[in-house]
Amino acid sequence: MFENQGPLVVESHLRMVEMRSPANLGPGMVKLWRLFPLDIRGTRESILYSEPTDNGYLFYLEAPGVHMEEQKGLFGNVVSREIVTYSWSARVQIRIGKKDDLMVFPAPLPDSSLTYDKNNEEHTKPDFSETDRVFWFDEKVVQRG
């Protein structure tokens, strides 16, 4: 279907997410999270295993383990404890075609009047603070361990 449409560009972005929650709230109650800037060398070192699939590659990445951090008060007493977990988050956009006839996926629903705008950062830059943004796939990251 897309053979003669022009060049195919798959743009992908990967970030590690740190989540912190007070120990008394439990691991499901995230109070604070932050994104780590992408470190290509560090990410490559995090690849435990990769395997080809019918339409690309499947990567198994290592992330730091879950741990507890304590904050101590002035007299050395523990004033708070946080559970710290890490996970990977990915965003992908597919562009096919030439400048004047460009198709971008994921596309909005057919009944939407929204069109891709290369000058609109909401369409061209990945946002790791939210999911289900138009023109960006939120790749599923399965966490085990």
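The shown structure was predicted, so the numbers you read here are calculated from the model rather than taken from an experiment. We're numbering straight along the sequence, starting at 1.
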Point to revise | Atom pair CD (Glu82) and OG (Ser21), whose distance is rounded to the nearest 0.5 Å | key: 7.5 Å
Review point. Where is the tightest heavy-atom contact between Asp138 and Asp132, given as atom of each residue plus distance?
Key: OD2-N, 2.5 Å
Review point. Mind checking what makes salt bridge (Lys or Arg N to Asp or Glu O under 4.0 Å) contact with Glu70, not counting sequence neighbours?
Key: Arg81
Practice item. Please test Leu114 against His123 for side chain to side chain contact (heavy atoms under 4.5 Å, CB included), starting from the C-alpha separation and ending with a verdict. Key: CA-CA 11 Å; Leu114 184 63; His123 297 179; 4.1 Å; yes
Point to revise | hydrophobic_cluster_shared for Met103 and Leu8, side chain cutoff 4.5 Å | key: yes
Point to revise | Taking every non-hydrogen atom, the tightest pair across Lys98 and Pro7 | key: CG-CD, 4.5 Å
Check your understanding: If you look at every heavy atom in Leu102 and Tyr116, which pair is closest and at what distance?
Key -> CD2-CE2, 3.9 Å
Review point. Does the pair Asp127 and Trp136 meet the rule for a side chain to side chain contact (heavy atoms under 4.5 Å, CB included), with working shown?
Key: CA-CA 9 Å; Asp127 182 354; Trp136 286 97; over 6 Å; no
Exercise for review: Could you label the plane-to-plane angle of the Tyr49 and Tyr60 rings as parallel, tilted or perpendicular, counting under 30° as parallel and over 60° as perpendicular?
Suggested key: tilted
Check your understanding: Hey, does Glu18 have a side-chain heavy atom less than 4.5 Å from the side chain of Pro64?
Key -> no
Check your understanding: Got a second to check how far Lys125's NZ is from Arg133's CZ, nearest 0.5 Å?
Key -> 11.5 Å
**Study point:** Nearest-0.5 Å distance, CZ of residue Arg15 to CH2 of residue Trp88
**Key:** 10.0 Å
**Study point:** Nearest non-hydrogen partners of Ser87 and Met19, listed with the distance
**Key:** OG-CE, 3.4 Å
Review point. Considering all heavy atoms of both residues, which atom of Phe128 and which atom of Leu14 are nearest to each other, and what is their separation?
Key: CZ-N, 4.2 Å
**Study point:** Evaluation steps, side chain to side chain contact (heavy atoms under 4.5 Å, CB included), between Arg20 and Glu69
**Key:** CA-CA 9 Å; Arg20 294 175 172 266; Glu69 288 186 6; 2.8 Å; yes
Review point. Is it true that Phe137 and Val134 fall in one hydrophobic cluster, defined by side-chain heavy atoms closer than 4.5 Å?
Key: no
Exercise for review: For His13 and Glu11, run side chain to side chain contact (heavy atoms under 4.5 Å, CB included): C-alpha distance rounded to whole Å, both residues' side-chain angles, the deciding distance at 0.1 Å, then the answer.
Suggested key: CA-CA 7 Å; His13 298 267; Glu11 183 176 342; 2.7 Å; yes
Practice item. Treating Ile, Leu, Val, Met, Phe, Trp and Tyr as nodes and any side-chain heavy-atom pair under 4.5 angstrom as an edge, say whether Val9 and Val92 lie in one connected cluster. Key: no
Review point. Within a radius of less than 6.0 Å around CD of Glu51, do more than 12 heavy atoms belonging to other residues, nucleotides or ligands occur?
Key: yes
**Study point:** Interatomic distance, Tyr86 atom OH to His67 atom NE2 [nearest 0.5 angstrom]
**Key:** 4.5 Å
Check your understanding: For the hydrophobic clusters of this structure (ILVMFWY residues joined by side-chain heavy atoms under 4.5 Å, transitively), does one cluster hold both Leu48 and Leu61?
Key -> no
Practice item. To the nearest 0.5 angstrom, please state how far the OG1 atom of Thr115 sits from the CZ atom of Phe135. Key: 6.5 Å
